[in-house]
Asker: 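What follows is a single structure, and I will ask about it in a moment.
Throughout, protein chains are lettered first and strands after them, A, B, ... in sequence-line order, and every chain is numbered starting at 1.
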There are 2 protein chains.
Amino acid sequence: MFSKACTYGIRGALYIASRSKAGEFTGVKEVASKLDIPQAFTSKILQTLVKSDIVTSVRGPNGGFKLNDEVSKTVLDVVLAIDGTDYFVGCALGLTECSSENPCPLHTEFVNIRSSLRNRLAAMSLSEARELLEEQHFRISG
Amino acid sequence: MFSKACTYGIRGALYIASRSKAGEFTGVKEVASKLDIPQAFTSKILQTLVKSDIVTSVRGPNGGFKLNDEVSKTVLDVVLAIDGTDYFVGCALGLTECSSENPCPLHTEFVNIRSSLRNRLAAMSLSEARELLEEQHFRISG
DNA sequence: ATAATAAAGGACAAATTAGTCCGGAATTAT
DNA sequence: ATAATTCCGGACTAATTTGTCCTTTATTAT
């Protein structure tokens with residue numbers, strides 16, 4: 001479904017959310033080891049989240065990553081930051097001619113499925129996801 | 001969404017369906033050029049559709065490909081043959097712990113979205129898709 | 001039989017995605 | 001100031017997906 005980088009990014013964001021309540025920063029090392037994601041790759045992914053303004057980073061001792069605004073930032077934001085709009089645009093069959101005026105046989109169903117996907121991702125803020133995970137003692141690890 | 005090979009496969013199957021009504025066979029060359037897909041790649045993809053029992057091929061002059069049973073074969077069959085079950089199984093966030101007993105925050109929504117995707121694909125037979133395309137004079141080309 | 005046609009299949013090449021390595025820059029503690 | 005820590009960024013490698021090429025095999029027409 002999502003690219004690996006993308007699922008890593010979502011899990012990373014959620015882990016950081018769950019760890020940095022008191023304004024603390026979480027380091028890549030910890031994120032990577034706890035989520036069992038290669039460290040250098042985790043670093044890359046968190047860098048793109050920084051550029052997308054989803055997390056903030058500080059260097060040096062006690063540095064690390066912190067969510068920017070877990071209440072307004074959603075899972076969709078992370079998906080868009082890493083995988084872009086792939087899942088939400090274009091004909092699923094790759095038909096250039098396909099549009100709402102001239103829909104392919106699966107057009108309507110895909111519009112519905114994709115918009116419901118998008119809506120659900122947009123409705124799930126990182127803080128809500130974090131809370132739900134914590135409520136059931138969910139391990140975010142791989 | 002789907003892999004390129006998969007969308008090529010769907011379009012290929014639909015093109016063959018639209019061309020081989022009178023028991024005729026359609027060649028890769030024609031499929032590839034009409035759909036603007038690389039010929040050798042088209043060949044590979046049609047081969048996997050043959051192995052999956054979705055199309056039948058015959059070699060030699062006037063040979064080519066023909067759908068096996070466009071009424072019972074569905075778009076889902078093509079997707080499964082080429083991309084496998086990727087889109088329909090496993091936690092979208094890559095959480096191994098996630099299951100219906102211990103669902104991640106997005107579990108239920110994903111189950112719904114994916115099953116509706118699967119249902120729509122399973123409900124769309126290749127013949128129905130072909131008819132819908134023909135009714136609106138749809139070009140299947142890229 | 002022979003030649004022409006067309007799919008099958010294996011080996012290869014290109015592009016994309018996944019993942020690694022390492023030096024540099026910023027921050028903090030001593 | 002210096003050393004330790006930690007993120008940044010570029011160049012690299014590995015794996016997968018996409019796509020090519022060429023030889024073989026089956027079928028048909030002459």
Asker: Map A/I37 and B/P61 onto DNA chain C by nearest heavy atom, then report which one ends up closer to the 5' terminus.
Answerer: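 Nearest-nucleotide comparison on DNA chain C picks B/P61.
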Asker: So B/F65, base contact, sugar-phosphate only, or nothing? Heavy-atom distance under 4.0 Å.
Answerer: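 Counting heavy atoms under 4.0 Å across all strands, the contact made by B/F65 is with sugar-phosphate only.
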Asker: Separation of A/Y8 atom OH from C/dA18 atom P, in whole Å?
Answerer: 9 Å
Asker: Please name all residues satisfying salt bridge (Lys or Arg N to Asp or Glu O under 4.0 Å) with A/E30, sequence neighbours left out, ordered by chain then number.
Answerer: A/R19
Asker: Give a yes/no answer on whether the side chain of A/K4 brings an N or O atom under 4.0 Å of OP1 or OP2 in C/dG19.
Answerer: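 For C/dG19, OP1 or OP2 has a side-chain N or O of A/K4 closer than 4.0 Å.
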Asker: For B/Q39 and C/dG9, give me the distance from atom CD to atom P, rounded to whole Å.
Answerer: 17 Å
Asker: What nucleotide among C/dA8, C/dT28, C/dC21 has an atom nearest to a side-chain atom of B/Q47?
Answerer: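 My answer, after comparing the listed nucleotides, is C/dA8.
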Asker: Rounding to an integer number of Å, can you tell me how far B/E30 CD sits from C/dT5 C1'?
Answerer: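 Checked: the CD to C1' distance equals 15 Å.
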Asker: What's the CZ-C1' distance between A/F25 and C/dA26, to the nearest Å?
Answerer: 13 Å
Asker: Name the closest nucleotide to the A/P38 side chain, picking from C/dA18, C/dT28, C/dT20.
Answerer: C/dT20
Asker: Who passes salt bridge (Lys or Arg N to Asp or Glu O under 4.0 Å) against B/E131, sequence neighbours left out?
Answerer: none
Asker: Mind calculating the distance between CZ (B/F41) and P (C/dG9) to the nearest angstrom?
Answerer: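 Spelled out: CZ on B/F41 to P on C/dG9 is 17 Å.
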Asker: Suppose the criterion is salt bridge (charged side-chain N to carboxylate O under 4.0 Å, His left out): which pairs have a residue in residues 112-121 of chain B, not counting sequence neighbours?
Answerer: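 Applying salt bridge (charged side-chain N to carboxylate O under 4.0 Å, His left out) to every pair that reaches into residues 112-121 of chain B, excluding sequence neighbours, yields A/E109-B/R120.
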Asker: Nearest to the side chain of B/R59, which nucleotide is it out of C/dA8, C/dA4, C/dT28?
Answerer: C/dA8
Asker: For residues 49-67 of chain B, please give each side-chain donor-acceptor pair under 3.5 Å, one per line with the distance, not counting sequence neighbours.
Answerer:
unit_1 : atom_1 : unit_2 : atom_2 : d
B/S52  : OG     : B/T48  : O      : 2.8
B/D53  : OD1    : B/N68  : ND2    : 3.0
B/T56  : OG1    : B/N68  : OD1    : 2.2

Asker: Applying side chain to side chain contact (heavy atoms under 4.5 Å, CB included), run through A/L121 and A/F2 and close with a yes or a no.
Answerer: CA-CA 12 Å; A/L121 294 176; A/F2 299 131; 3.9 Å; yes
Asker: Using a cut-off of less than 4.0 Å, is there contact between a side-chain N or O of B/S43 and OP1 or OP2 of C/dG9?
Answerer: no
Asker: Could you check how far CG of A/D83 sits from P of C/dT16, rounded to whole Å?
Answerer: 16 Å
Asker: Show me the donor-acceptor pairs within less than 3.5 Å that the side chains of residues 87-95 of chain A make with the rest of the protein, sequence neighbours left out.
Answerer:
unit_1 : atom_1 : unit_2 : atom_2 : d
A/Y87  : OH     : A/M1   : O      : 3.1
A/Y87  : OH     : A/S3   : N      : 3.1
A/Y87  : OH     : A/D83  : OD2    : 2.6

Asker: Without swapping roles, check the side chain of A/D77 against the backbone of A/T74 for a donor-acceptor pair under 3.5 Å.
Answerer: yes
Asker: Can you tell me the distance, in whole Å, between the CG atom of B/L49 and the P atom of C/dA7?
Answerer: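 That distance rounds to 14 Å.
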Asker: For DNA chain D, which nucleotides open and close the run of contacts to chain B, 5' to 3', at under 4.0 angstrom from a non-hydrogen atom?
Answerer: D/dT18 to D/dA29
Asker: When only distance counts, do a donor and an acceptor, one from the side chain of B/K44 and one from the base of C/dG10, lie under 3.5 Å apart?
Answerer: yes
